[in-house]
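Taking it in order: structure first as structure tokens, then the write-up.
The structure displayed is predicted, hence computed values, not measured ones. A note on names: the letters A, B, ... follow the listed sequences, proteins ahead of strands, and every chain is numbered from 1.
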Protein chains: 2
Amino acid sequence: MPAEKTTQKARSDSARAALLKAGRKLFGKNGFLSTSVNDVAAAAGMSKSGLLHHFSSKAALFEAVFEEEEKRLVAQVAADAAEAPGAEARMKRGARALLDALNDPVSRQITLIDGPAVLGWTKWRKIEAEHGIALIQATLEEARSEGSLSSLPGAAFSRMFLSALHEGAFSIIEDKSQRPAVEAMLDQMIGGLFEQG
Amino acid sequence: MPAEKTTQKARSDSARAALLKAGRKLFGKNGFLSTSVNDVAAAAGMSKSGLLHHFSSKAALFEAVFEEEEKRLVAQVAADAAEAPGAEARMKRGARALLDALNDPVSRQITLIDGPAVLGWTKWRKIEAEHGIALIQATLEEARSEGSLSSLPGAAFSRMFLSALHEGAFSIIEDKSQRPAVEAMLDQMIGGLFEQG
DNA sequence: TTATTTACCGACTAATGGTCTGTAACTTAC
DNA sequence: GTAAGTTACAGACCATTAGTCGGTAAATAA
């Protein structure tokens with residue numbers, strides 16, 4: 001690799017990436033409260049001031065980490081679900097994929113535990129809506145255009161479903177034997193929707 | 001009111017009560033992060049040291065506030081639900097009562113938003129299980145002894161149901177017109193349980 | 001080549017959670 | 001009733017930490 005003259009954008013980008021990576025690791029492991037700006041900066045090989053140059057505050061850094069994590073999760077779920085044929089099957093498959101993804105305590109800490117408290121309910125909700133909820137809604141739209149669902153349920157359904165899914169993930173983490181019961185419950189919620197559709 | 005010689009227990013009790021009241025108010029209004037120990041102590045007419053004499057830390061104070069709030073909510077819901085005849089009706093009635101109770105932003109902030117982040121997931125879960133979940137489970141037990149439910153669902157059901165309920169409350173707060181959809185969804189979850197029971 | 005902007009550092013400030021020491025009021029032992 | 005012990009606080013102090021403020025060196029624009 002030639003010693004290339006580092007452009008500012010490159011430096012900036014790689015610094016940001018390092019900060020996001022370190023932030024994800026530390027926030028995810030120790031939680032927002034127990035992680036100091038200094039810790040994150042140090043883990044990214046930088047001073048606190050450097051970090052605050054890229055992100056205006058600790059909360060702003062967390063928000064960026066949170067949004068990245070949300071994107072990652074949704075992409076993963078969507079990719080897995082895409083393999084299933086038909087919207088109903090994709091819903092069920094996606095649910096299982098998210099149950100798996102939320103096994104990761106880092107993901108849980110960031111998206112479900114610290115998220116609402118740090119960002120505030122309103123912003124948390126907004127970001128969730130743009131990612132997770134949007135995926136569910138899109139799948140339901142597909143279902144309708146496939147003809148397997150006549151009336152599109154309101155946003156409340158997607159949220160309640162996703163919330164039950166989150167909680168199911170927690171239940172499974174505490175007691176793995178609950179997984180079939182959780183999946184059954186989710187399938188029933190989905191099924192009920194498609195029956196009456 | 002005669003100037004009674006204040007016993008220590010009386011002083012202590014009223015001080016604790018004042019701190020809990022002030023804590024609920026401030027934590028509920030501004031969130032845990034934005035509330036200082038000093039603020040709470042001052043609002044309770046006391047110094048920071050006084051507060052820390054009664055509660056070993058800021059988190060300990062929050063935990064006490066949280067648990068009190070949880071008790072309050074459950075008592076309120078249980079009292080309302082008790083009027084309905086039959087376990088299934090009590091479930092549906094209780095769900096509506098909680099939707100109403102969670103209209104209060106103070107209750108929401110404390111129990112749903114700050115709770116998990118401040119107490120940590122494990123402790124939050126444990127306290128929730130002792131109150132909210134316990135009420136649901138008890139009602140389901142009643143249903144079985146009434147004969148309207150043969151197989152008792154596992155804890156996962158109660159949690160997922162409660163979680164959907166919480167989320168439904170949020171949806172309604174954002175858009176009141178969603179209330180019927182939310183209630184329908186909850187009733188369906190309950191109904192599905194009793195049908196197959 | 002000069003001027004400006006950008007990435008970053010070190011020193012400082014302000015706020016805050018928690019500790020330590022002291023004191024007055026209450027309580028228990030005698 | 002009084003001495004000894006305990007309890008409910010207050011105030012001073014300490015350590016951590018989020019965020020600000022110059023300053024410097026590298027990169028970019030003029």
What does S36(A) touch in the nucleic acid at a heavy-atom separation under 4.0 angstrom: a base, only the sugar-phosphate, or nothing?
sugar-phosphate
Does a salt bridge link K71(B) with E67(B), judged by any charged N lying under 4.0 Å from a carboxylate O?
no
Nearest to the side chain of K58(B) - dC8(C), dG18(C), dA26(D)?
dG18(C)
If only side-chain N and O atoms of S12(A) are considered, is one of them under 4.0 Å from the OP1 or OP2 phosphate oxygen of dT6(C)?
no
Is the side chain of S14(B) donor-acceptor paired with the backbone N or O of R11(B) at a distance under 3.5 Å, no angle test?
yes
Going by heavy atoms in the side chains, are D39(A) and F27(A) under 4.5 Å from each other?
no
Checking dT28(D), dC9(D), dC8(C) against the side chain of T7(A) (C-beta onward), the nearest is dT28(D)
Result for 5'-nearest mapping on DNA chain C, choosing between S49(A) and H53(A), is H53(A)
Relative orientation of the end axes in the helix from dT1(C)-dA30(D) to dC30(C)-dG1(D), expressed as an angle to the nearest 10° (five pairs per end)
10°
Rounding to 0.5 Å, atoms CD (E68(B)) and NZ (K21(B)) come to a distance of 11.5 Å
For the side chain of H54(B), counting heavy atoms from C-beta on, which of dA18(D), dC9(D), dG17(C) is nearest?
dC9(D)
Assign S56(A) to base, sugar-phosphate, or nothing according to its heavy-atom contacts below 4.0 angstrom with the strands shown.
nothing
Among dG17(C), dC8(C), dT28(D), the one nearest any side-chain atom of Q8(A) is dT28(D)
Pick base, sugar-phosphate or nothing for T35(A), based on heavy-atom distances below 4.0 Å to the nucleic acid.
sugar-phosphate
Is D104(A) salt-bridged to R24(A), going by a charged N under 4.0 Å from an acidic O?
yes
By nearest nucleotide on DNA chain C, pick out whichever of L51(A) and F32(B) is the more 5' one.
L51(A)
